[in-house]
Engineer: 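Just passing along the structure, written as C-alpha cells.
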Amino acid sequence: MKSVWVYSESDSVSNEVAAAAAEVAKGAGLDVQVIELGEARQGVSSPGGKLLIKGSVRNGDSAGAASSAIAKAAAELQPAAVLLGATRTGREIASRLAAKLRVGCMAEITKVATDGTALSGERSVFAGKVVARVSCPLPAVATVKVGAYPRLTAGSASVSEKEVGVVTDQVKVLSREKKTAGAVDLKSAKVIVSAGRGVKKKEDLPMLEELAKEMHGALGCSRPLSSDLGWLPEEHHIGLTGVTVKPDLYLAIGISGQLQHVAGMKDSKVVASINTDKDAPMFQASDYGIIGDLYLVVPALRKALAARG
Ligand SMILES: Cc1cc2nc3c(=O)[nH]c(=O)nc-3n(C[C@H](O)[C@H](O)[C@H](O)COP(=O)(O)OP(=O)(O)OC[C@H]3O[C@@H](n4cnc5c(N)ncnc54)[C@H](O)[C@@H]3O)c2cc1C
C-alpha cells in the first residue's frame with residue numbers, strides 16, 4: 001500500500017501534519033507513515049505507523065541533511081506524498097526534497113486532500129483575502145501551514161526501519177541547546193495579549209507581559225516588535241509571516257491591524273483591541289474596542305483584574 005509520509009523537526013508540528021495526512025489517506029487507500037530520523041520521539045504520534053530512517057541523520061539536523069536522508073528513503077520506498085510542517089526548516093526541507101525527487105511542491109497548505117492521482121490543497125493568498133486551490137500530480141511534496149490542523153494526541157505506533165547510511169552535508173552541527181523555559185507556545189494559549197508598535201520602548205513590554213500572566217495567557221506581538229526591533233523572539237510574532245493563532249481571546253494592544261497581522265489571528269473566538277486611533281483597521285477585526293492610550297488603559301485593566309481577585 002502506498003503511504004503518505006509526514007515529517008517535522010518539531011514534535012507538536014509533526015502531530016498537526018499527521019492529522020492532515022490522516023485526512024489525505026482516508027478514502028484514498030493510503031496509509032500514513034510518520035518519519036523519524038535517527039531515533040523515534042515519544043511525543044510524536046502517528047495515525048498509522050512510523051518509519052525510522054536510520055543512518056547519520058538525526059531529527060532536527062539541517063534541512064540539507066534531513067532532505068537527503070528522506071529523499072534516499074523515498075527513492076526506494078516511493079511514498080505517494082510527503083507532507084512537512086511549514087516551519088522555517090520544514091519549508092527548506094520541502095523545497096530541497098522536491099528538487100531531489102523531481103516532483104512538485106505546494107507550500108503553506110491549509111486543507112489537503114487527494115483523489116489518488118493528484119495532491120490538492122487550499123492556501124491563503126493576498127494576506128488571507130483569497131483562498132487559492134492548488135494541485136500537483138502524485139507523487140508530490142507539500143508543506144502544511146502550522147496551526148491549520150488540530151494536533152493528534154501522542155500514542156504508540158508500530159515502527160519499521162529503513163537504513164540509508166551516511167548522508168553528507170555541508171552544515172556541521174557543532175552543538176545543540178534545548179529551548180529553556182520562557183519559550184512561548186502561542187498555538188495552545190487560550191488568551192493572547194499582543195503588543196504592537198504603539199508600545200514606545202522595550203522597557204514597557206513587561207507591563208503587557210504581566211497583563212498576559214494575570215489573564216492566564218501568553219504574550220504575542222506584531223512583526224515590527226520581533227523582526228525589526230528585536231524586542232521579542234520570532235516565535236512571538238503573529239501574522240502572515242509568523243504564527244497563526246486561534247485563542248478564545250485575542251487582545252491587540254497598540255496594533256494598527258494591517259492585513260498581514262490580521263491574517264494570523266482572524267480566527268480567534270473573541271478579539272478586543274486598544275488603540276488611540278479610532279480609525280485603526282484593528283477595530284474592524286475586533287468584537288470589542290477601547291479607543292485610548294495603552295499607557296492609561298493597561299494599568300486600569302490590571303487594577304480592575306486585581307480587584308476582581
Ligand atoms: C510581506 C509582508 C509580511 C508581513 N507579515 C506580517 C506579519 O506576519 N505580522 C505582522 O504583524 N505584520 C506583518 N507585516 C507588517 C505589517 O504590514 C505592518 O507593518 C505591521 O503589522 C504593523 O505593526 P503594528 O500594528 O504593531 O505597527 P503600526 O502599524 O505602526 O501601528 C501602531 C498602532 O499603535 C497605535 N498606537 C500608537 N500609540 C498608542 C498608544 N499609546 N496606545 C494605544 N495605541 C497606540 C497607533 O494608532 C497604530 O494603530 C508584513 C508586511 C509585509 C510587507
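One-based numbering, in listed order, for ligands and for the atoms of each. As the structure is a computational prediction, the values presented were derived from the model and not from experiment.
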Engineer: Report the part of Pro224 (side chain from C-beta onward, or backbone N, CA, C, O) that has a heavy atom under 4.0 Å from ligand 1; answer both or neither where that applies.
Structural biologist: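 Near ligand 1, Pro224 shows its side chain, while the N, CA, C and O stay back.
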Engineer: Could you check if a side-chain atom of Ile35 sits within less than 4.5 angstrom of a side-chain atom of Val6, using non-hydrogen atoms only?
Structural biologist: no
Engineer: Which heavy atom of the protein is the closest neighbour of atom 46 (C) of ligand 1, given with residue, atom name and distance?
Structural biologist: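 The closest one turns out to be Asn275 OD1, 3.5 Å.
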Engineer: Salt bridge check: are Arg96 and Glu92 linked by an N-O gap of less than 4.0 Å?
Structural biologist: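 Between Glu92 and Arg96 there is a salt bridge, with a charged N closer than 4.0 Å to a carboxylate O.
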Engineer: So, are Glu210 and Lys213 salt-bridged, with charged N and O less than 4.0 Å apart?
Structural biologist: yes
Engineer: Could you check whether Thr276 and Asp293, counting side-chain N and O atoms only, form a donor-acceptor pair closer than 3.5 Å?
Structural biologist: no
Engineer: So is Tyr295 polar-close to ligand 1, meaning N/O to N/O under 3.5 Å?
Structural biologist: no
Engineer: Only heavy atoms of Ile238, strictly under 4.0 Å: list the atoms of ligand 1 that pass.
Structural biologist: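 With Ile238 as reference, the close atoms of ligand 1 come out as 7 (C), 8 (O), 9 (N), 10 (C), 11 (O).
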Engineer: Just jot down the ligand 1 atoms closer than 4.0 angstrom to any heavy atom of Gly196, in number order.
Structural biologist: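 Close to Gly196: 26 (O).
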Engineer: Should Glu36 and Lys50 count as an ion pair when the cut-off is N to O under 4.0 Å?
Structural biologist: yes
Engineer: For ligand 1, which atoms have a heavy atom of Asp293 less than 4.0 angstrom away?
Structural biologist: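 Counting atoms of ligand 1 from 1, those under 4.0 Å from Asp293 are 40 (C), 41 (N), 42 (N).
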Engineer: Taking 4.0 angstrom as the limit and counting only heavy atoms of Lys200, give me the atoms of ligand 1 inside it, by number and element.
Structural biologist: 37 (C), 38 (N), 39 (C), 41 (N)
Engineer: Give me the residue, atom name and distance of the protein heavy atom closest to atom 19 (O) of ligand 1.
Structural biologist: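 Going atom by atom, the protein heavy atom closest to atom 19 (O) of ligand 1 ends up being Gln258 CG, 4.4 Å.
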